[in-house]
Amino acid sequence: MSSPVLEPLLAALEADAHGEDALWSSEAEHLIRAAVLEGDQDGLHSLEKHISQRLNTPVALNEDVSPPWRTAARLMSMMLSQAGWKVAETFGATWIQRTHTHLDQVAQRLRTAGAFAALDTSAQLAAFVMTDLMGRESTAHPEYHRVVVAPWISKCAQAVLSLLELAATHPLSSATALAMSRLMDVLALHVELYAHTYRTFTPRIHALCMQLLFGPLASPASAAAPLPEALAHSTMALLASLHLTGALTSDASMLSSAASGKVSQAQLWAATVTEMLDAAMLAVCGSVPSMDWFALGLDPALAQPRALAWELPSADYDEGIPCSVRRCEYLLGSAASGAMGMVPLYLTMPTPRPVPVPLSRCVALAHAMMQARTTSSRATVDQARLEASAAPKLRWVGTQFLVQLSLAFHEAAWPLIHGSGVLRTLCLLAETERGSVRLVAMRALHLLLSRGLCSWGTDRLPGAGIPLDPASPLVQRIAHAAIQPLSELVVLEPELWTSELPLKRPRSFESDTVAQVDRMPQDVILAKSSLAWDMACAGALVLVDVFSYTSTSAAPGHRDLARAGALCLLGACEAVLGARLVDASDSTHVVAGAQLVQALGQLVMMHHNALVSHILARVYAVTMRGAQSSTPVLRAACQDVLGGVLTVIRPRAPPLVDAVDSSALEERVDADGSDQIPMPLPGWRGPVAAAAEIAHVDAVVPVQPLSTATNEPKAPATSTEVPATESPCLEPTQAAPPATIDVPAPPLAEPTLAPEAPPMAKAVEAEPPRRGSPVSMPASSMPMSKGAAAPTDDSDEEALPELHMDVSDEEDDE
């Protein structure tokens, strides 16, 4: 029966004998998913027939470029991921059986022909079967695990171990190392899941791991062949998981388990790391044999003489010292490449249960290596020459080992680091050493004190964040060590900055000195070595880390150091940005300049205090000038720093947050009053209120002159309410009280001495008022009582006389 959904995939598999290209040309995974959704069981059974056909191919056919086993492994993985666990329950037993048979066949072929072409293909097949079909998912299905998986666990382990043991006896190629790494990962997973079953294979697995990791250095004359990184990590992970095969006992019952012959998991793990530390201590002491290592806390007599099954180095220092140095770098780390050693790699492997880590012994070993010195009085000339080349490597490796311990164990290592005086030794190395050891010591200080991401070579590592006592003299010593390389970069030697002409005619062999004389003053900083630039960058980072301690008054001299460090870092940035980078293609100057600018930005943004505020103006000017640089790296660094500096200079401007709706922060203005702007004046209540008050004022009552006669009775005074003008003394929310003007009644008799009426009164009166009659006023200006009817006037409002309410000076005097 034809399958309409899987027909393109099945046709491609029929046409291609190997099926390698058919998986990608026809989008096999999407087609399988569509067949599962439509319930195409016939198509899935046809696909399984193609898988079985490729699994039945012999070993010789799988040594080609496109082996059928690899195609079958990919098809099985696609089918399991798209069709679900029912595929494993249906075809799992058959696939596991075929895989076990192929592992035995490949092992037999390795014994006879020694061909490793099929090792990679069998490793891919075993990785899928033992991880997906026999891994963690199988434990969630008890019946499937009991019937299908459990009978094949020990058989597959036996086959994989035989294959790895045969491959370890031959030289390793890149393909062989990758295949062995996959098989090691599979074994590590099964040891964790089925530790009880793998307990019988523990001696073989331990011997295999020790042979791969430490076998090449067993002989003193053998050189350390670099083990591929993937294979080294997989082998060390398998070795670190072997302790799970021990007895599952607690600390209280450890003695009783030891008396009964059982070894706990913690004891197995501790025994492995103790053996590696013994070998490392013997290698360190053999690198500089003339030094008194017992005074530094190392006693070679307590170590196992045949640790890691290594032969003791020769007594001849010409062979013994180089052999010890090679072993030390292999175990604790390489000084040339910066690769991680076997001991820190083993210590950083995660364990499901707590294990006793000998952290104090590791810190003591690292501290002793950092103090390695050559003692010429106790060694011959040739031996002292070899030790003089080995001692800097020990100091480099010891510093790297200490950093790895601090990053791996964090707070657990802080008391040991403070108690052993490791930081003082690092300061001593940063002050007195020359070359790369000084740079490594400065970077180690940055990693130990920083709380953010730090760069160690090509890696980005989180800082250990070791706290310091602000009142400790160690803070000032670290600050001095950080400022020293910055000052060395800024301060120039006389032969670098002088512009005077030479006193004699230059010759060709004096070109190096003469070229520095003719250099422009702003470009003299470019004559510094790359080591000086790297030291300045490391010193700037350490200064940023320790600036929070020096900017306090915990000890005398702290603030002076903080001020000197800030100005020195600022001066270095000014010198870098002011130089004409004619050789901007040199990444050393450009990258180092960008790091200095970034360190200056961190110093300003992280420490907002008075010691930083006095350089803000110069920092702003420097970053503004650098933001216009022609070098893209420096320009980008200055623009980033400038954005952070502006937030410090203008802290009132809140940053915009994407999570907040900015439209809610805007002022909402009504559409009707959007064109009216309220005036923020005292007493102002808006244009509408002012227009209403003006409209209610119809007229103003004129003020009559006061009479001089006092012997005649007066009529009761009447008051006219006049809208009050706004007083500037009133609040905007208060309304001004209405102003009243008292108009006296006219006298009963003619006044004997009447002053001349004001012009306003003359304009209103048509004739003198009569005795006993009220003052005649227009009807529009008459005061109206509450409830009275308003008089009607048919005349036009434009014909009304204009009234002026100007008070004369004479009335003011009265």
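Salt bridge Arg70/Asp120: absent, no basic N to carboxylate O contact under 4.0 Å. In summary, Lys155 and Asp104 do not engage in a salt bridge, as defined by a charged side-chain N under 4.0 Å from a carboxylate O. A salt bridge links Arg146 to Glu143: one of the charged nitrogens lies within less than 4.0 Å of a carboxylate oxygen. A salt bridge links Arg109 and Glu63; the closest N-O separation between the charged side-chain nitrogens and carboxylate oxygens is under 4.0 Å.
A donor-acceptor distance shorter than 3.5 angstrom exists from the side chain of Ser234 to the backbone of Ala230, with no hydrogens or angles considered. The backbone N or O of Val87 sits nowhere less than 3.5 Å from a side-chain atom of Thr90 that would complete a donor-acceptor pair. Between the side chain of Ser77 and the backbone N or O of Ala73, no donor-acceptor pair lies under 3.5 Å. With hydrogens and angles ignored, the 3.5 Å screen pairs no side-chain donor or acceptor of Arg54 with any backbone N or O of Thr71. The closest donor-acceptor contact from the side chain of Thr348 to the backbone of Leu345 lies under 3.5 Å. Of the possible polar contacts, one joining the Arg326 side chain to the Pro220 backbone as a donor-acceptor pair under 3.5 Å is found. Panel note: side chain His190, backbone Val186; no donor-acceptor pair is recorded below 3.5 Å. For Glu275 (side chain) and Leu308 (main-chain N/O), a donor-acceptor pair under 3.5 Å exists by modelled atom type. Judged purely by atom type and a 3.5 angstrom limit, Ser138 uses its side chain to pair as donor or acceptor with the backbone of Gly135. Side-chain atoms of Thr274 come within 3.5 Å of backbone atoms of Ala270 as a donor-acceptor pair (strictly under, hydrogens ignored).
In this structure the side chain of Phe201 never reaches within 4.5 angstrom of the side chain of Val191, judged on heavy atoms. Between Met342 and Leu332 the shortest side-chain heavy-atom distance does not fall below 4.5 Å. With a 4.5 Å cut-off on side-chain heavy atoms, Leu394 and Val325 do not count as touching. Proximity of Asp278 to Leu302: side-chain heavy atoms (C-beta onward) are nowhere separated by under 4.5 Å. At a threshold of 4.5 Å between non-hydrogen side-chain atoms, the residues Met76 and Leu47 do not count as touching. By the 4.5 Å heavy-atom criterion applied to side chains, Met180 and Leu212 are counted as neighbours. In this structure the side chain of Arg111 reaches within 4.5 angstrom of the side chain of Ser162, judged on heavy atoms. Counting only heavy atoms from C-beta outward, the side chains of Thr272 and His243 never approach each other to under 4.5 Å.
Separation of atoms CG (Leu231) and CG (Leu178) is listed at 9.5 Å; rounding is to 0.5 Å. With rounding to the nearest 0.5 angstrom, the CG atom of Leu416 is 9.5 Å from the OG atom of Ser406. Put simply, CD on Gln265 and CZ on Arg353 are 5.0 Å apart, with the number rounded to the nearest 0.5 Å. Taken from CE in Met276 to CG in Leu213, the straight-line distance is 8.5 Å, to the nearest 0.5 Å. Note: Leu189 CG to Leu193 CG = 4.5 Å, rounded to the nearest 0.5 Å. Taken to the nearest 0.5 Å, the CG atom of Leu110 stands 7.0 Å off from the NE2 atom of His170.
Taking all atoms of both residues into account, the shortest heavy-atom contact from Pro313 to Ser324 is CG-OG, 3.9 Å. Contact record, Leu282 with Pro300: CD2-O, 3.9 Å, taken as the closest heavy-atom pair. Here the shortest heavy-atom pairing between Ala177 and Pro228 reads CB-CG, 3.8 Å. Listed here is the closest heavy atom pair of Ala88 and Leu133: CB-CD2, 3.8 Å. Here the shortest heavy-atom pairing between Ala72 and Leu55 reads CB-CD2, 3.9 Å. Closest heavy-atom contact between Leu244 and Glu192: CD1-CA, 3.8 Å.
A distance of 6.0 Å or more separates the ring centres of Phe401 and Trp396.
Annotation: Glu229, atom CD; neighbour count of heavy atoms from other residues, nucleotides and ligands within 6.0 Å does not exceed 12.
For the residue pair Thr121/Asn62, the side-chain donor-acceptor check at 3.5 Å is not satisfied. Side-chain contact of Thr112 with Gln108: a donor-acceptor pair under 3.5 Å is absent, judged by distance alone. Using modelled atom types and a 3.5 Å distance limit, the side chains of Thr197 and Ser154 yield no donor-acceptor pair.
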Item to check | Working for side-chain contact (heavy atoms from CB on, under 4.5 Å), residues Thr99 and Trp152 | outcome: CA-CA 11 Å; Thr99 302; Trp152 294 99; over 6 Å; no

Item to check | Ser52/Glu48 under side chain to side chain donor-acceptor pair (under 3.5 Å): CA gap, chis, key distance, verdict | outcome: CA-CA 6 Å; Ser52 300; Glu48 198 277 332; 2.9 Å; yes

Next on the checklist: side-chain contact (heavy atoms from CB on, under 4.5 Å) for Gln158 and Arg204? Distances and angles first, verdict last.
Outcome noted: CA-CA 10 Å; Gln158 173 69 26; Arg204 293 179 59 184; 2.9 Å; yes

Next on the checklist: Set out, in order, the CA-CA distance, both residues' side-chain angles and the distance that settles side-chain contact (heavy atoms from CB on, under 4.5 Å) for Thr131 and Asp185, then state yes or no.
Outcome noted: CA-CA 9 Å; Thr131 303; Asp185 294 336; over 6 Å; no

Checklist entry - Met349 and Leu239: side-chain contact (heavy atoms from CB on, under 4.5 Å), yes or no, with the steps? => result CA-CA 10 Å; Met349 287 294 172; Leu239 181 63; over 6 Å; no

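Taking the six-membered ring where the residue is Trp, Tyr330 and Phe214 present perpendicular rings, their angle passing 60° and hence far from 30°. Ring planes of Tyr144 and Trp85: perpendicular class, angle over 60° (limits at 30 and 60°).
Partners of Trp310 according to the ring-ring contact (aromatic ring centres under 6.0 Å, His included) rule, which considers only residues two or more places apart in sequence or in another chain, do not exist here.
Pairs of residues two or more places apart, or lying in two chains, that qualify as ring pair (Phe, Tyr, Trp, His ring centres under 6.0 Å) and include a residue from residues 43-79 are Trp69-His102.
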